[in-house]
Amino acid sequence: MSSPSARFSALALLAIVAPATIVAILGYVSIRQWEASSELLYREQARDMAAMAAEKVEMTLRRAEDAFLDRVQAALRSDSPPQRAVDDLLAGSPLIRRLYLIGSRGELLYPREWRDGDRAVFGPLVSEVVLRRLAREGKREVTANNQVCLALLTKRGGEPVVAAFVRDTDTLRREILETTLGALESSTIIAVLDPEGRTVYSRAPIGDAQRLLSVGFRDGLPDWRLAMYQMPGASPRQAVRRQVMLFTGALGVLVAVIVAGIVMTWRLMRRETEMARLKSDFVANVSHDLKTPLSVIRMFGETLEMGRVTDEGRRQEYYRVITREGERLSRLIDNVLDFSRIEGGRQTYDMTPTPIEPLIRSTLEAFAYPLSQHGFKVEVSLAPDLADVTMDADAVGQALANLIDNAIKYSADDRALTIDARVADGRLVITVSDRGLGIAPEEHAKIFEKFYRVGRSDTQGRRGSGVGLALVRHIAEAHGGDVTVESAPGEGSRFALRLPLGGA
Ligand code: ADP
């Protein structure tokens, strides 16, 4: 890893990972505390709520029973025996299922006789002791085991009477529990359990809800309990967990966004640095490419001018060198100028139907001298009846020249150049093949990028600016075609230029 990127990684680690870890640890600790305290608070609130609800139930029940007993008392005072009036009162009070009025000597005042088995239950409850206790402790009592209520009333003349009654559980549920508890605002399920633990009333089906707590009623409903249930997943701990997950998710997304941003910036930076390097290489390469042919031309020109070359053959040779270097210079300048026009978006193409064979032959002609000088075996294979193709002949000629120039430049011991033109899949395909150095597969995409030159020691000695193939690709695409390469190191290269037959 290079030192700037190592520095960058260390910075990224410090800038993101360290703060994110600290936030995560702090978040975890405070969430644990939050979890514990919210659970505690929730339980306290639930307990308060349960106590309040139990008290409310008892109050409502007592009020209903007191109202009934007041009316019985009034009947006792006015009538004797109070049969009919009490019958009517009972009929109008569904909460009281059965009622017995018993005198201080144990005589039954209402109804006329005991119903099946009731004497055994109610009779023993009324005694001298009970009467005294009732007189002393507020006149009401509920016997715990069987829910029989006792109350102290008086007959006309002040003689004590005990009213013993049993509540109707259905009415109790409907008129007392449902009206009192049904109206309470709470996220929990409130239920009332009888002494055997059976659910007498619940605000919603309990199902697999979890019992949170239960509180007892006081003297109104001894041994009954009011319980609070919690829906699965509704505990404060779980609510906090959900918050935690949300928080962690958000933190994760944030970190991911920051990391993505940093990675993108880093890649952009690397690209820019690479581009700057390529541009400076380009300037150096172009200057070198301009200088070399110029000095050759000058040297040969001066030699000829001095008239020192007497041999006609050698003179002709010098002229050819000057012409060849001149052509090379023009090609280079054309490439650079076209490239700058393309970069500036100013390049225009003049599309005309063009015969293919003359275009290929004339382009090849310009390379006749270097080809023969290096001993190239040239093969041109053109499909016989190639029709004219609409194109910018100069541009396509220049693209072809760049491909041929590369085939010569990057040649190895086996010097061969093959140009092939034919129509395939409705397109004109011109291929330029050589048996030169070849190109590694991972470089195939990159060589068409501007300024890119393969940085191998065996190609570095060869002159070039890195814009040749970029230009070829641009010209191909401007015509609605493309350019591809098949090549492997040591096995030569085969560039295929494809152009639509009717032009772009
Ligand atoms: P240059 O001016 O360097 O030739 P090009 O854009 O024409 O620029 O080519 C880019 C790179 O592709 C060259 O530097 C060279 O490494 C590689 N390349 C192009 N053509 C050939 C070829 N025929 N054989 C081997 N390598 C080639």
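Both ligands and their constituent atoms are indexed starting at 1 by order of listing. Computed from a prediction, not measured in an experiment: that's the story for all the values here.
Ligand 1 has at least one atom lying under 4.0 Å from a heavy atom of Asp434. At least one heavy atom of Lys409 sits under 4.0 Å from some atom of ligand 1.
Across Tyr410, Tyr452, Phe451, Phe448, heavy-atom proximity to atom 1 (P) of ligand 1 is greatest for Tyr410.
Taking the side chain as every heavy atom from C-beta outward, Arg270 and Thr265 never approach each other to under 4.5 Å. The shortest side-chain heavy-atom distance between Arg218 and Glu58 falls under the 4.5 Å cut-off.
Figure legend: cation-pi geometry between Arg32 and Trp34 absent, as NZ or CZ is not positioned both under 6.0 Å from the six-membered ring centre and within 45° of its axis.
Separation of the Tyr28 and Phe247 ring centroids does not fall under the 6.0 Å cut-off.
Applying the side-chain contact (heavy atoms from CB on, under 4.5 Å) test between Thr431 and each of Arg422, Arg494, Glu486 identifies Arg494 as the sole match.
The shortest N or O to N or O distance between Gly438 and ligand 1 is not under 3.5 Å. Ligand 1 has an N or O atom lying under 3.5 Å from an N or O atom of Leu469, backbone or side chain.
In summary, the atoms of ligand 1 found under 4.0 Å from a heavy atom of Gly468, numbered by their order in the structure, are 5 (P), 6 (O), 7 (O). Here is the list of ligand 1 atoms found below 4.0 Å of a heavy atom in Val454: 14 (O), 16 (O).
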